[in-house]
Engineer: 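Structure in structure tokens, see below.
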Amino acid sequence: MNNTRSPVLHAIWLIAISLLLAYLILHMEVITDIKQFMPVDKEDGTFHALQSEILTGHESTSMLLNIHGANAERLVKLSRALREEVSFTEKNAMIRNGEGSFDTTGIEILEENRFLLVDTDWSVEGLKRAFQSRLFELRQGQGPVIGQSIKSDPYLSVKKYFELIKRPTSLDENYPVWYAEGIGAILRVDFGTSNIDLDTIERVQSTLRSKFQELSPTTSAKLEITGPGAIAVATRAEIQSVTHKLSLAIPLLLLLVFWVAYQSVYLIWFSVIPLITGALVGLVITQLIFTSIHGVVIAFGITMLGVALDYPVHLFSHKYKDEQLLTTAKRIWPVLRLGGLTSAIAFLVLLFSGFEGLSQLAVYAFSGLIIALLLTRYFLPHVVSSDKVKPRVYVNGEVIPPFSASVILVLIVLVVLFPWMQSDVYWNDSVDAVSPVSPEWKEQDARLRNVIGGIEVSDVFVLADTDLDRLLISTEQLSRQLNELVTEGVVKSVLPVTDFLPSSEQQQARQDKIPQSKELNDHVRRAVENMPFKASAFKEFVRQAERTKQQDFISYDEILRTPARPFVRQGLIEAQGRWLSVIRISGLSAPDRLMHWLDENPDVSQYHVNIKDQVSDLFALYRNRTLSGVYFVLAILAAVVFLHSKKITTSLRVISPVVIGVAGGLAAGLLWGEGLNIFHLMAVFLVIGMGLDYSLFFNHGRGKSAVFARSLHAVSVSAVTTVTLFLFLAFSAIPVLSAMGGVIVAGVFISFMTAWMISRIG
Amino acid sequence: MSRLWIFIVGVVFSSLVHADFLDQRLSSIAANSELTAPFTEIWRADYLDEDVVNHGSLHFKPPNILVKEIISPDSLIYTVSGDSVKIQQGEKIQHIKLSSSPELAMGINTMRMLLRGDRDGLEEMFLIQLRYSDKNFQSWAIELFPRSTYKKVKIKKITVIGNEDDLREIEVDYVDNSVHITRISPNE
């Protein structure tokens, strides 16, 4: 009967899978907005907007290049040539090396508003100083550069405005490009649009490397690339490398394990049907309920569903010779159902965790596990040919005497407890702990940024208001207070957005200071006395000043059409109907002194945001919530198992391998890492699912030699495949992957051993 | 008909002679290879009652390095190398790109092209006219009129005055009537 029904059922399954896929392709909305993964009761709009800006702003894709290993002249030449070559081929990338033309589009808007944008000393003395400066420049041969602009503005206000862009640097000014002794030439790559993809960044990076190779094929000069864009590309490359290794290892491993365990590779296909179907149905249900799915849910959800791969393995391993697979399914169903349903219900508890990320994970894992379980029971026995399932059950699981099992169990517990007793710190919520960037790389990036006068990325001052102009006024007030830090030498400069877009109050004050035409004419006449300037030549200046007295203030929209746009966009963020003004600082020489100063100035410190600390706090919050989730899941498991068995001892036998496995997995994290984080806890969910599965099946076979041997067979197949595959992650260079891999490898192995040993005792 | 032929031959001959003299002039200037000479720089503009003058020393090293050291009234060194200008005043150093300052670039590039005898470069940017101001063809002037592509630079004309193989003066006349003159004194 199987032979005739199998193709039909296969076809039905394929149609169902195609429909699910079609639905997902048409409707699935994957989001990566961090807000969707924020706890709903801890939503901090200010921080979220700032975080979004950091994650999606142009800074998040920038790259820093360092050319070193040759003499300065050679490095300068390479810097110029690389910039020219790559700028020509990569139109998306803006490559800067400190030398370069300035985009003057919209500069006329700045010229029209020049006297509103910068402070001007309109007194005779102030004007005299301006004329003296111009005369000095003319005597230095700068006549062709100054040209006629002096006639409309002896202060050269637009030039002064743009001097604000310049940041203090540690560069060697003898060279026309960014160059520092001991470091070499530095270049910076930015991308014109914020929604640039990793493929583009990777392509630009590879163009840079190949052009550099062409430009410097034989010399000792080296090119190093750092910065968020380069880090993102390197992280993706590492993930691709792990994925590539896994894609080679998984088929080989499954072929080997299935051939050894079942004398058949035919069963591999059927073993993945429940997992694939569960994963797809899980996605569809999550999409239907939440209308979008967070990318993180897809990644972690698959891990939580990993236990579904064990269900077909149990079905195949527990089959006796000449038994129909349907009979096997019926026979093991109570245990399989208990394990599957308990895990599913336990994961469902995460629905009430309080933040949408875990709620989505709960729905995804619950629905996926239930589907995988049902397919194993009601679908696989009808499509798999029973005579092709021939497990090689050679090992007698009861070979270990109870005493030896007790000793091994005690040793396992001691091994698990050791790291917990040794560690002083259990949790590490620092961003550095999960950052894929090596400390050396981070140091190099910070050094280069510091040299070219980069802004501090972690310490910022943030003000918020629904009214933009009111916000600009507060920004001006706060930056005046912060300038005390410059005077005290704590920071080199304070960079408020109002340097580029003053508040209307400030513009009004500047407008009010402009003298009447008659008075200004008189000032000009007196200022040029004893100088070679003709007083009558500056009528245009007086007219401009008069016009400024009447004109409207420069607005946000207008300033965005000028070369000041990038600086304004960096300092003002519009989010959810309100504005944030971000005051940045540069050249922070003494963080301790900054903290001390902030302690003494609580009215300023309320606006201080340490982004690193905030992210760490957020991670701590996630971690606490997830830890509560782990406790809940374990409690639910214990309750369900107790309700099912009605015996304390049986419940303890079943639950203790899960608890010891979880503790063991986390102990491995403690042993190899610098404290546990949210990602270790995420991996624990798979350990719980698999640990329970192992425990139930070992317990199921106790005292029944043939059943126990088959349980050991199935659980061994599962443990071997899981541990081997996750070893690849455990040895990954990316902390998140290695944390999860390490916990799963250790946790699954310890659960396996503990469940086996406990089943041999008593 | 014969008059027309005479006219055509005359024009062709005169342009050949002109080309020949210009080549000679440029070659003889370029033959001096490195140049080091005192200079006086004058800026004349409609907003000034009197010229603004400075003095210093000029050094040219073919093909592209031009150093202009202003000694009085204030000390300042311009080092032009390729497209880059380094301006050094005591400890303070500033770099600008010639391409971002076309008015300055045209004067400097013209001087460099003249000093290295780059006729092709000059002809690409200017319409050239050579004239002699004495019977012995010793004093000469080359007038350079920017071609239409370079009109936006706002330079009306550049006049280069020389005596025999030496460059004596470069005068840049701007559209707004400002004038920039660099007088190069003969070496002692």
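Note on naming: letters A, B, ... go to the chains in the order of the sequence lines (proteins, then strands), and numbering restarts at 1 for each one.
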Engineer: Which bit of A:F538 comes within less than 4.5 Å of chain B, counting heavy atoms only: side chain, backbone, both or neither?
Structural biologist: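 The answer is the side chain of A:F538.
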
Engineer: Using a heavy-atom distance cut-off of less than 4.5 Å, which residues of residues 82-90 of chain B contact chain A?
Structural biologist: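 Contacts with chain A: B:S84, B:K86, B:Q89.
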
Engineer: Could you tell me whether the side chain of A:E99 reaches within less than 4.5 Å of the side chain of B:K97, counting heavy atoms only?
Structural biologist: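 They are in contact (side-chain heavy atoms under 4.5 Å apart), so the answer is yes.
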
Engineer: Would you indicate whether the side-chain heavy atoms of B:W43 and A:P144 approach each other to under 4.5 Å?
Structural biologist: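 Yes, side chains in contact.
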
Engineer: Heavy-atom count around A:E540 CD within 6.0 Å, excluding the residue itself: above 12?
Structural biologist: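 Result for CD/A:E540: enclosed.
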
Engineer: Tell me the closest heavy-atom pair linking A:K534 and B:D49, and the distance in Å.
Structural biologist: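 Scanning both residues, the minimum pair turns out to be CG-OD1, 2.9 Å.
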
Engineer: Going from CD on A:Q140 to CG on B:N54, what distance comes out if it is rounded to the nearest 0.5 angstrom?
Structural biologist: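 That separation rounds to 9.0 Å.
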
Engineer: Once you round to the nearest 0.5 Å, how far does OH of A:Y175 lie from CD1 of B:I93?
Structural biologist: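 Rounded to the nearest 0.5 Å, the OH-CD1 separation comes out at 10.0 Å.
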
Engineer: Mark yes when over 12 heavy atoms from residues, nucleotides or ligands other than A:N530 sit less than 6.0 Å from its CG; otherwise mark no.
Structural biologist: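 Counting neighbours around CG of A:N530, 12 or fewer heavy atoms of other residues, nucleotides or ligands fall under 6.0 Å, so no.
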
Engineer: Chain A heavy atoms under 4.5 Å from B:E50: which part of the residue, side chain, backbone, both or neither?
Structural biologist: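 For B:E50, the contact with chain A is made by backbone and side chain together.
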
Engineer: Evaluate the side-chain proximity of A:Q142 to B:Y78: yes if any heavy-atom separation is below 4.5 Å, no if none is.
Structural biologist: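 B:Y78 vs A:Q142: side chains touch.
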
Engineer: Donor-acceptor pair, B:H95 side chain versus A:E173 backbone, under 3.5 Å?
Structural biologist: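 Yes, B:H95 side chain to A:E173 backbone: donor-acceptor pair under 3.5 Å.
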
Engineer: Tell me, side chain or backbone of B:D176 under 4.5 Å from chain A's heavy atoms, or both, or neither?
Structural biologist: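 Its backbone and side chain both get close to chain A.
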
Engineer: Regarding B:D46 and A:K151, does a basic nitrogen lie under 4.0 Å from an acidic carboxylate oxygen?
Structural biologist: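 Judged by the 4.0 Å cut-off on N to carboxylate O distance, B:D46 and A:K151 do form a salt bridge.
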
Engineer: Please lay out, stage by stage, how A:I150 and B:Y47 fare under the test side-chain contact (heavy atoms from CB on, under 4.5 Å).
Structural biologist: CA-CA 9 Å; A:I150 187 175; B:Y47 50 81; 3.4 Å; yes

Engineer: Please evaluate residues B:L48 and A:L138 with respect to the criterion side-chain contact (heavy atoms from CB on, under 4.5 Å), reporting the C-alpha separation (whole Å), side-chain torsions for both, the decisive distance (0.1 Å), and the verdict.
Structural biologist: CA-CA 11 Å; B:L48 291 169; A:L138 292 176; 4.3 Å; yes

Engineer: Does A:K160 NZ have over 12 foreign heavy atoms under 6.0 Å away?
Structural biologist: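 Counting other residues, nucleotides and ligands, NZ of A:K160 exceeds 12 neighbours.
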
